[in-house]
There are 2 protein chains.
Amino acid sequence: MATRWGILSAGRICHDFVSALRILPSDEHQLVAVAARDLKSAQEFARIHGIPKAYGTYDELVRDPDVEVVYVGAINPHHLATVKLVLSHGKHVLVEKPLTLNEKGSEELIATARRHNLFLMEALWSRFLPSYDFVMNAIKTGAIGQVYHVDVTFGKAVADKAKLARKALGGGTFMDIGIYTLNVVLMAFGDEQPLEVKAVGHLNQYGVDESVSAVFKYSDGRTANIATSARVNLPCEAHIVGTKGTIKVSVDLISTS
Amino acid sequence: MATRWGILSAGRICHDFVSALRILPSDEHQLVAVAARDLKSAQEFARIHGIPKAYGTYDELVRDPDVEVVYVGAINPHHLATVKLVLSHGKHVLVEKPLTLNEKGSEELIATARRHNLFLMEALWSRFLPSYDFVMNAIKTGAIGQVYHVDVTFGKAVADKAKLARKALGGGTFMDIGIYTLNVVLMAFGDEQPLEVKAVGHLNQYGVDESVSAVFKYSDGRTANIATSARVNLPCEAHIVGTKGTIKVSVDLISTS
């Protein structure tokens with residue numbers, strides 16, 4: 001039976017997600033309904049993607065008994081409340097990154113999902129790119145020996161975009177693109193927690209980070225460096241360095257999308 | 001009139017220095033004497049490079065009235081004492097990097113040189129490479145706009161070499177090769193001092209650093225990342241990233257030499 005999706009929000013990222021989902025067989029994934037805070041946006045979204053139902057409130061979407069799992073593409077500051085709403089109505093969730101704006105919020109959502117025995121996942125798509133899959137397999141099979149250092153930079157001159165620049169929109173370079181650098185480090189070290197993290201960075205006029213440079217200390221001589229920037233175009237690549245060789249992979253997920 | 005050089009120590013780096021110096025016209029640079037703690041080494045060194053005088057003690061070298069400037073190529077822990085000895089005899093000094101093993105020692109030497117009104121320089125050769133000169137000119141002329149980030153990695157799997165591994169020999173990866181990453185950052189930012197530096201790293205069994213990862217915060221939104229390692233071969237390149245473009249330059253000074 002097909003997985004029955006509800007789409008929460010009708011923004012750009014929701015268009016991207018639904019466009020990708022529609023590539024898959026309709027007997028596997030079915031689009032049931034879309035909800036936006038503005039009914040007209042929802043209706044237009046439904047028309048474009050051939051979705052049967054359009055709602056003007058999120059409440060209607062989460063009460064729809066046909067909906068099994070909800071994709072949450074609302075802006076960052078709404079993730080916590082909307083995901084809680086969905087989970088409390090017994091539906092599974094796939095939510096855009098960042099999961100929430102802070103650790104406390106993320107822990108709350110994870111606890112809620114566990115309590116209701118529901119699936120909850122952050123849509124960090126680079127985790128599922130074939131190139132990343134290839135890289136992680138190469139690491140596991142020892143192609144580059146023991147990994148001692150991971151170096152990742154991802155920066156784009158997008159500092160003026162409101163969603164990055166404004167605190168009220170849950171902005172911040174690290175949350176938007178820097179998260180992908182951290183993801184490479186975590187993947188390369190098998191999601192191991194570092195022993196120590198140190199960082200420096202700069203805030204813009206709205207108190208939102210425009211650049212972050214961080215170093216990570218792992219056990220047994222291992223280290224990692226990341227840099228992200230919304231001011232300049234950094235190299236946008238990752239080097240995973242082992243005793244037998246180095247894997248270089250593009251982190252330029254803006255160009256990829 | 002030619003600059004009259006004395007060579008203090010007859011080790012490998014001294015051979016490299018003298019070989020390079022001999023490329024220059026003899027009416028500009030003249031090799032007067034070499035001193036080693038072992039007279040036979042000094043004599044052998046003198047024979048190879050055609051140096052008239054060979055001494056078995058550093059004292060004889062610094063007392064030689066013909067010697068005008070001394071190149072100090074002794075091992076790192078001897079820099080402080082030997083450079084002080086040379087300066088106190090009224091001779092100028094070019095000393096291998098690192099100048100000394102710590103800030104206190106370096107300040108002492110600088111003060112001594114100033115007191116005697118003598119020239120004192122650390123032989124950080126990458127400062128004078130034509131490629132670096134080209135890069136620094138490109139930065140100054142604004143070819144890449146305003147520099148916002150500098151990222152440098154230099155690592156070589158040389159952890160087992162005694163001069164790197166042993167504390168008694170003034171070892172440490174940062175002092176040996178990491179210093180070149182820091183130099184690129186300093187050069188790119190016109191020797192400006194960072195507002196903040198944070199670092200992580202690992203020590204070997206002798207208490208000497210085998211890897212260092214550090215981040216630098218500069219004023220006006222600027223940052224820098226460096227990584228060095230004696231465990232693995234890092235990319236060995238620098239990216240100097242500005243608003244209009246990026247300069248990539250090799251930092252692989254071991255291969256260059």
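In what follows, chains carry the letters A, B, and so on, assigned in the order in which the sequence lines appear, proteins first and then strands, with residues in each chain numbered from 1.
More than 12 heavy-atom neighbours from other residues, nucleotides or ligands sit within 6.0 angstrom of CG on B:N137. The 12-atom threshold is exceeded at CG of A:D191, counting heavy atoms of other residues, nucleotides or ligands nearer than 6.0 Å. The number of heavy-atom neighbours closer than 6.0 Å to CZ of B:R127, taken from other residues, nucleotides and ligands shown, is above 12. Within 6.0 Å of NZ on B:K84 lie no more than 12 heavy atoms contributed by other residues, nucleotides or ligands.
Considering B:H239, B:K248, B:E237 in turn, B:H239 is the only one that fulfils the side-chain contact (heavy atoms from CB on, under 4.5 Å) rule with A:P235.
Taking both residues in full, the closest heavy atoms of A:N225 and B:I226 are given as ND2-O, 2.8 Å, listed atom of the first, atom of the second, then distance. Taking each heavy atom of A:A199 and B:K198 in turn, the nearest pair found is O-NZ, 3.0 Å. Contact between A:G221 and B:S211 at its shortest, heavy atoms only, is O-OG, 4.0 Å.
Side chains of A:D151 and B:D151 form a contact here, defined as non-hydrogen atoms less than 4.5 Å apart. Using a 4.5 Å heavy-atom threshold, the side chains of B:S213 and A:H149 count as touching.
The candidate with the highest count of non-hydrogen atom pairs below 4.5 Å against chain B, out of A:T223, A:D220, A:T246, is A:T223. Contact tally against chain B (heavy-atom pairs below 4.5 Å) for A:V215, A:T153, A:V212: the top residue is A:V215. With respect to chain B, the highest number of heavy-atom pairs below 4.5 Å among A:R231, A:Q146, A:K244, A:E210 belongs to A:R231.
Contacts of A:S229 with chain B are absent, with no heavy-atom separation under 4.5 Å from either backbone or side chain. Residue A:L203 does not touch chain B at all, counting heavy-atom pairs closer than 4.5 Å. At a 4.5 Å heavy-atom cutoff, the contact between A:N233 and chain B is made by backbone atoms alone. Contact of A:A227 with chain B is made through backbone and side chain together, with heavy-atom distances under 4.5 Å.
Judged by distance alone, with hydrogens and angles left aside, the side-chain atoms of B:H202 form no donor-acceptor pair with the main-chain N or O of A:K217 at under 3.5 Å.
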